Amino acid sequence: MIDQTKPPIFDGHNDVLTKLLRKGEPHPEHYFIEGDTGHVDLPRSRLGGFSGGFFAVWVSSPVDKAFRYEQMAKPSYDIELPPAIEQGQALKVALSEAASLLRLEQAGALTICRTASQLRQTIEAGQMAAIFHLEGAEAIDPEFAALDVFYAAGLRSLGPVWSRPTIFAHGVPFRYPSDPDTGDGLSAIGKDLIRACNARKIMLDLSHINEKGFWDVAALTDAPLVATHSNAHAICPTARNLTDRQLAAIRESDGMVGLNFAVAFLREDGQMTADTTLDIILRHFDHLIDRLGEDRVGFGSDFDGAIVPQPIGDVTGLPVLRKAMRDHGYGEELMAKLCYGNWLRVLRKTWGE
Ligand code: ZN
């Protein structure tokens with residue numbers, strides 16, 4: 001059973017699979033199993049009490065990350081989105097990352113959870129749980145053949161769009177300050193994708209979608225509204241964060257939000273700098289809990305996909321954050337909800353089992 005003095009953290013978003021793909025080697029899974037650079041691997045997850053989360057299958061664009069981070073050090077910025085990616089090209093990358101996730105399961109490093117009860121058992125057993133998540137639906141064809149094949153391989157969560165446009169929807173740019181109302185909503189085929197995910201009980205992630213797309217999904221979906229890795233726009237006014245109106249809709253739908261550690265989405269000034277204290281995380285938690293209630297907030301670290309506050313550093317810094325949350329006055333029951341219980345709740349509601 002779970003030791004409630006150090007509840008495991010199950011988390012809404014990591015980019016481990018993209019990190020492994022970037023090794024440029026066949027079968028890079030051993031890095032995760034034996035120990036790796038970056039934020040997350042298996043040995044350090046045990047040290048930090050990290051029990052897994054949503055593992056994103058994501059297709060990168062050929063953009064210079066260093067250039068992006070340099071822009072995001074300015075007082076305001078608006079970084080042009082990369083162009084759309086063709087489906088065949090995206091599918092090749094998505095298959096490779098999905099295969100890595102399956103191979104990690106075959107090696108006994110984690111369990112790809114397909115039901116909420118399987119997820120609960122895996123977390124309670126102290127093992128690493130993974131949800132197969134597709135971040136941006138570029139790899140999905142308009143006939144949804146790839147959707148069905150990925151579903152059979154364990155896909156249970158999908159974001160119709162990462163920030164660059166897809167045939168389904170439009171995402172928000174890396175823009176500060178900005179509201180998330182940055183363009184058109186869902187396309188006709190995008191609406192079909194929402195229905196297709198509802199029919200298969202695949203969770204929809206609204207973290208990167210723009211505001212019009214958000215409201216289009218809200219009007220159409222029969223599932224709780226979920227943003228796996230976003231923060232409060234009222235504190236950090238970046239296009240990637242959720243306005244209080246959006247938070248009210250998420251609450252209304254009984255959905256949830258995973259708090260993102262990416263410093264550019266935490267800090268009031270939107271700066272991508274690691275020199276950031278933990279207070280700002282607590283302020284976002286307080287705001288999200290105030291707007292959503294204690295049952296609808298969790299973690300969505302963005303580990304291995306962003307710069308995180310220096311006091312966290314990597315997954316081994318989670319005990320420091322747990323302590324800061326306790327010192328801030330969060331009791332045992334609330335800690336259990338924030339750390340893993342609320343993800344279990346919303347996934348049971350979304351997946352139905
Ligand atoms: Zn993301």
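Numbering of residues begins at 1 and proceeds along the displayed sequence. The shown structure was predicted, so the numbers you read here are calculated from the model rather than taken from an experiment. First listed ligand is number 1; within each ligand, the first listed atom is number 1.
Every ring pair (Phe, Tyr, Trp, His ring centres under 6.0 Å) that His328 has, sequence neighbours left out, goes to Tyr330. Here His229 pairs with His13, His208 under the ring pair (Phe, Tyr, Trp, His ring centres under 6.0 Å) rule; sequence neighbours left out. Shown here are the ring pair (Phe, Tyr, Trp, His ring centres under 6.0 Å) partners of Phe265, two or more places apart in sequence or in another chain: there are none.
Between the side chain of Asp36 and the backbone N or O of Asp41, no donor-acceptor pair lies under 3.5 Å. Listed for the Glu105 side chain is no donor-acceptor partner under 3.5 Å among the backbone atoms of Thr111. Although no hydrogens or angles enter the test, the distance criterion places a donor-acceptor pair under 3.5 Å between the side chain of Asn342 and the main chain of Glu294.
By the criterion of a separation under 2.8 Å, the protein N/O/S atoms near the Zn ion (ligand 1) amount to Glu135 OE2, His208 NE2, His229 NE2.
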